[in-house]
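Reminder, nothing fancy here: chain letters follow the sequence lines and each chain counts from 1. Quick caveat, the model's predicted, so the values are computed rather than measured. Any value given below was found using the heavy atoms of this structure, including those in side chains, with hydrogens, waters and symmetry copies removed.
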There are 2 protein chains.
Amino acid sequence: MSTRTAGRRRAEDRSSHQARFASCPTNRLLDRIGDKWVALLLKELAEGPRRYSDLARTIAGASQKMLTQTLRHLERDGLVSRTITAAVPPRVDYALTPLGQSLLPVLRTVTQWAERHIEEIDTAHDAYDRRLPPDAGSPG
Amino acid sequence: MSTRTAGRRRAEDRSSHQARFASCPTNRLLDRIGDKWVALLLKELAEGPRRYSDLARTIAGASQKMLTQTLRHLERDGLVSRTITAAVPPRVDYALTPLGQSLLPVLRTVTQWAERHIEEIDTAHDAYDRRLPPDAGSPG
DNA sequence: CCGGATCCAATGCGATACTG
DNA sequence: CAGTATCGCATTGGATCCGG
């Protein structure tokens with residue numbers, strides 16, 4: 001005779017789990033490096049410090065907004081440093097911090113796995129998609 | 001005197017980069033494991049096959065929709081297998097494929113880095129946030 | 001040259017209802 | 001038990017304009 005429906009109770013469960021979820025280091029990290037431009041940005045900065053305009057050219061796919069926003073997040077996480085040279089014209093250099101550099105091997109691990117197994121994934125996609133339309137197959 | 005503005009040209013640059021971005025194995029993988037529930041799901045399946053309802057209980061934070069959707073994505077990627085036992089009551093078991101298992105070490109790498117450096121990140125957050133309100137400091 | 005502010009479209013995700 | 005379908009809200013990402 002609970003006044004809470006199963007759905008309601010489930011929602012309460014969820015809200016309590018959300019906090020744990022958000023505070024899980026792994027999820028926090030994945031949330032960051034899952035950001036659309038983070039991997040590319042780190043990869044570029046891995047080769048050395050870059051000016052903002054350099055990054056804008058190299059990561060040409062990103063809008064100014066996303067570039068700046070992503071850099072801010074990374075800076076806030078202590079992964080990149082931002083150095084302002086107050087001059088005319090203004091100049092801002094970004095570089096990996098030691099913490100950011102320590103993340104590079106992790107990214108390389110991800111990249112290696114991805115490159116080594118991407119074909120298997122594509123094959124799996126192919127197989128999965130082929131058997132989905134049930135009106136075409138089912139040959140006797 | 002091009003008829004295209006700089007912004008327009010930039011947009012064209014971007015669209016051509018989008019394809020390369022989307023087809024980059026690393027980004028594809030990050031896009032997948034960056035999905036909100038993928039890490040938790042793989043972690044749970046790492047310990048052995050699980051029924052749908054088991055997963056729903058363990059990953060209590062996820063809605064049915066997200067659970068199913070995420071499992072479908074993982075299945076399509078060939079990372080998990082889905083086994084239907086046509087009986088009453090219906091029963092569906094999910095398990096990691098060999099491909100999925102090969103991904104576990106990668107996830108462990110991510111997790112280890114995250115857990116080892118999460119404090120540095122928190123410290124960085126703290127420092128970053130503390131110096132943002134510029135109206136308080138600047139002591140002479 | 002660097003980036004903040006704002007408006008807008010696309011998508012992600014959750015709640016709910018319904019099916020086999 | 002194990003989904004599928006639809007709706008609505010919140011977030012994400014992009015275009016553009018404006019300021020230091």
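- Shown here are the ring-ring contact (aromatic ring centres under 6.0 Å, His included) partners of A:Phe21, two or more places apart in sequence or in another chain: B:Trp37.
- A:Leu41 pairs with exactly one of A:Thr58, A:Leu55, A:Leu96, A:Leu79 by the side chain to side chain contact (heavy atoms under 4.5 Å, CB included) rule, that one being A:Leu55.
- Remark: B:Arg51 is in phosphate contact with D:dA2, judged by side-chain N or O atoms under 4.0 Å from OP1 or OP2.
- The side-chain contact (heavy atoms from CB on, under 4.5 Å) check on A:Arg76 picks up B:His125, B:Tyr128, B:Asp129, with sequence neighbours excluded.
- Following rounding to the nearest Å, B:Tyr52 (OH) and C:dG20 (P) show an atom-to-atom distance of 18 Å.
- Less than 4.0 Å separates DNA chain C from at least one heavy atom of each of the following residues of residues 73-88 of chain A: A:Arg82.
- For A:Ser81, the side chain to side chain donor-acceptor pair (under 3.5 Å) criterion is met by no residue, not counting sequence neighbours.
- Following rounding to the nearest Å, A:Gln64 (CD) and C:dG4 (C1') show an atom-to-atom distance of 10 Å.
- Considering only residues two or more places apart in sequence or on other chains, B:Arg51 meets the salt bridge (charged side-chain N to carboxylate O under 4.0 Å, His left out) condition with none of them.
- Taking NZ from A:Lys36 and CE from A:Met66, the interatomic distance works out to 8.0 Å, rounded to the nearest 0.5 Å.
- Checked against salt bridge (charged side-chain N to carboxylate O under 4.0 Å, His left out), B:Arg72 has no partners two or more places apart in sequence or in another chain.
- Residue pairs meeting the ring pair (Phe, Tyr, Trp, His ring centres under 6.0 Å) criterion with at least one member in residues 76-123 of chain A, sequence neighbours excluded, are A:Trp113-A:His117.
- Within the 4.0 Å cut-off from OP1 or OP2 of D:dT12, not a single side-chain nitrogen or oxygen of A:Trp37 is found.
- Atom CZ in A:Arg57 sits about 9 Å away from atom P in C:dC1, given to the nearest Å.
- Near-neighbour residues of DNA chain C inside residues 26-35 of chain B, defined by a heavy atom below 4.0 Å, are absent.
- Applying the salt bridge (Lys or Arg N to Asp or Glu O under 4.0 Å) test to pairs two or more places apart or on separate chains, those with a residue in residues 104-122 of chain B are A:Arg28-B:Asp122.
- Taking the side-chain contact (heavy atoms from CB on, under 4.5 Å) definition, one finds that B:Leu107 meets it with B:Leu42, sequence neighbours left out.
- Scored by the salt bridge (charged side-chain N to carboxylate O under 4.0 Å, His left out) test, A:Asp35 finds A:Arg32 as partners (sequence neighbours excluded).
- DNA chain D is contacted by both B:Asp54 and A:Pro90; B:Asp54 maps to the nucleotide lying nearer its 5′ end (nearest heavy atom per residue).
- When rounded to the nearest whole Å, the span between CG of A:Leu67 and C1' of D:dG14 equals 13 Å.
- Dashed line: the shortest gap from a side-chain N or O of A:Thr68 to OP1 or OP2 of C:dG4 is not under 4.0 Å.
- Note on B:Tyr94: a side-chain N or O is less than 4.0 Å away from OP1 or OP2 of D:dG3.
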Scoring nucleotides 7-12 of chain C by protein non-hydrogen atoms under 4.0 Å (B base, S sugar-phosphate only, - none) yields ------
